[in-house]
Amino acid sequence: MFANKSGRVMLGSCRRKAISVCSVVQSLVGNNLFSWNVGCKQRTLWLQMNVAERTQQRAVHRKLSTRAVHQTTVDPDELKRFRLLASKWWDENGEFKALHAMNDLRVPFIRDNLLNMHKAQHPGKPLAGLRVLDVGCGGGLLTEPLGRLGASVLGIDPVEENIGTAQLHSSCDPHLGGRVSYRACTLEELSADVAGGETDRGDTMFDAVVASEVVEHLADLETFAFCCSRILKPGGSLFITTINKTNLSYALAIVAAEQLLRIVPKGTHDWEKFISPVELERLLESNCFSVQSVQGMMYNPASGAWSWTNSTAINYALHAVKLAEDPQTDKADNSAASQS
């Protein structure tokens, strides 16, 4: 019933579909009806914890660090869908047009937050010396720009056809040689290799993990968060862009974008897999992350451009940092354990 109602509101006339959708978005977002009111302000929840809470969280962290990964993040239906689109990643006017345009926001968002965390200066290559993992890299739309900024980037994707497309495209740019590499695997497989000693853990842990427009396609977000924490260096950054779970996101991301405007292929998204910023923050904090900022994003189908907004009702970008071990807390925990 909601979908039918939304369709009637946004259809208008066939000649003004894009403009009608823009008007709905600008009206709702402009009034901040769904604003989470966070912008880019710093989170200090971890620092506000008392000693007992810190001790409990560290105990959870030690338990997580030794837990084997038995679940999978992969949804077989999602694999089939993206396998059919593997050859279309670099068509800037095709099914992934919106993702190409999103680079105007997500690349600076990643770059600027990493520069705030790492003070080293590398003129022309600001991310030089940093190792970045691009989870669910697809054809490498985000992997390549990060490599051009100087980072050493590994793109992973469970769809082998996607990796083939990414490798072929990157091979055409000699400036990416030695900086960008790809591997057909899942996040949990990579995490297991590192933890199992199949690769040198010191050489394979990352300064940053990026999962852009990925979590809404995963089968198990708990496993995703655990594996991200497992392969990140202490103090490493996690960047996520995804879709909020609201009535407005259903109307625009599914009814409008898929069924009316055909911005993305029909069936690309499942509203039940969307996650709110609050729920995502709770999940990450339970896996030893501290969320630093959350910022709303808005896509204009008429202009094909993305812009930042105070509302997280539809799309949003999140930056979290993996908590470093606290020597004082660990010392207290060990002392208590020995006394018992």
Side-chain angles (χ1 to χ4, degrees), residues 73-75 78-111 114 122 124-187 189-190 193 204 206-218 231 239-242 257 262-265 267-269 297 299 304-306 315 317:
T73 60
V74 175
D75 183 330
E78 299 284 359
L79 292 186
K80 294 177 183 178
R81 185 176 299 113
F82 282 101
R83 189 172 287 118
L84 296 174
L85 298 170
S87 64
K88 302 180 179 181
W89 281 101
W90 289 97
D91 180 359
E92 296 186 12
N93 294 310
E95 283 85 346
F96 298 110
K97 178 181 178 179
L99 283 184
H100 281 273
M102 188 183 286
N103 277 357
D104 291 341
L105 293 191
R106 58 184 180 176
V107 172
F109 180 74
I110 296 168
R111 178 199 64 202
L114 284 178
H122 301 278
K125 302 294 180 184
L127 301 186
L130 299 181
R131 300 196 71 247
V132 178
L133 175 67
D134 185 7
V135 178
C137 65
L141 272 59
L142 182 55
T143 319
E144 289 192 12
L146 294 176
R148 293 190 182 95
L149 290 174
S152 175
V153 191
L154 171 62
I156 64 171
D157 198 288
V159 179
E160 292 187 7
E161 291 84 350
N162 286 346
I163 294 300
T165 297
Q167 290 174 329
L168 178 62
H169 193 273
S170 65
S171 68
C172 299
D173 187 346
H175 297 291
L176 294 176
R179 289 203 200 101
V180 169
S181 60
Y182 294 99
R183 177 178 170 184
C185 70
T186 65
L187 176 62
E189 288 171 345
L190 180 65
D193 287 350
T204 54
F206 295 89
D207 299 287
V209 171
V210 178
S212 184
E213 305 308 293
V214 169
V215 299
E216 66 269 25
H217 299 290
L218 299 181
I231 62 178
F239 297 97
I240 294 173
T241 68
T242 189
R262 306 294 175 88
I263 296 172
V264 294
T268 297
H269 295 116
M297 307 166 68
Y299 181 68
W306 289 85
N315 297 81

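Quick note: residue numbers are just sequence positions, from 1.
- Put simply, CG on Leu146 and CG on Leu141 are 11.5 Å apart, with the number rounded to the nearest 0.5 Å.
- The line from CH2 of Trp89 to NE2 of His169 is 13.0 Å long, rounded to the nearest 0.5 Å.
- Residues Glu216 and Glu78 come closest through the heavy atom pair O-OE2, 4.4 Å.
- Between Gly140 and Tyr182 the shortest heavy-atom distance is CA-OH, 3.6 Å.
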Tell me, with the steps shown, if Thr268 and His217 meet side chain to side chain contact (heavy atoms under 4.5 Å, CB included).
CA-CA 9 Å; Thr268 297; His217 299 290; 4.0 Å; yes
Check the pair Thr241, Arg106 against side-chain hydrogen bond (donor to acceptor under 3.5 Å, both in side chains), reporting the backbone distance first and the verdict last.
CA-CA 8 Å; Thr241 68; Arg106 58 184 180 176; 5.1 Å; no
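- By the 4.5 Å heavy-atom criterion applied to side chains, Val135 and Leu190 are not counted as neighbours.
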Just list the side-chain donor-acceptor pairs under 3.5 Å for residues 91-99, sequence neighbours left out, or say none.
{"unit_1": "Asp91", "atom_1": "OD1", "unit_2": "Asn93", "atom_2": "N", "d": "3.1"}
{"unit_1": "Asp91", "atom_1": "OD1", "unit_2": "Gly94", "atom_2": "N", "d": "3.4"}
{"unit_1": "Glu95", "atom_1": "OE2", "unit_2": "Lys88", "atom_2": "NZ", "d": "3.4"}

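- How far OG1 of Thr143 is from CZ of Arg148: 10.5 Å, rounded to the nearest 0.5 Å.
- Note that CZ of Phe206 and CG of Leu154 are 5.0 Å apart. Values are rounded to the nearest 0.5 Å.
- Leu149 CG to Leu114 CG: the interatomic distance, rounded to the nearest 0.5 Å, is 9.5 Å.
- For Ile156 against Ile163, the heavy-atom pair with the smallest separation is C-CD1, 4.3 Å.
- Residues Val159 and Phe82 approach most closely at CG2-CB, 4.4 Å, considering heavy atoms.
- Listed here is the closest heavy atom pair of Leu142 and Ser212: CD2-CB, 3.8 Å.
- Taking every heavy atom of both residues into account, Val214 and Gly136 meet most closely at CG2-O, 3.9 Å.
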Apply side chain to side chain contact (heavy atoms under 4.5 Å, CB included) to residues Leu127 and Asp207 and explain how you reach the verdict.
CA-CA 10 Å; Leu127 301 186; Asp207 299 287; over 6 Å; no
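- With Thr165 contributing its side chain and Ala86 its backbone, the two residues share a donor-acceptor pair below 3.5 Å.
- Taken from NE2 in His269 to CD in Glu213, the straight-line distance is 6.5 Å, to the nearest 0.5 Å.
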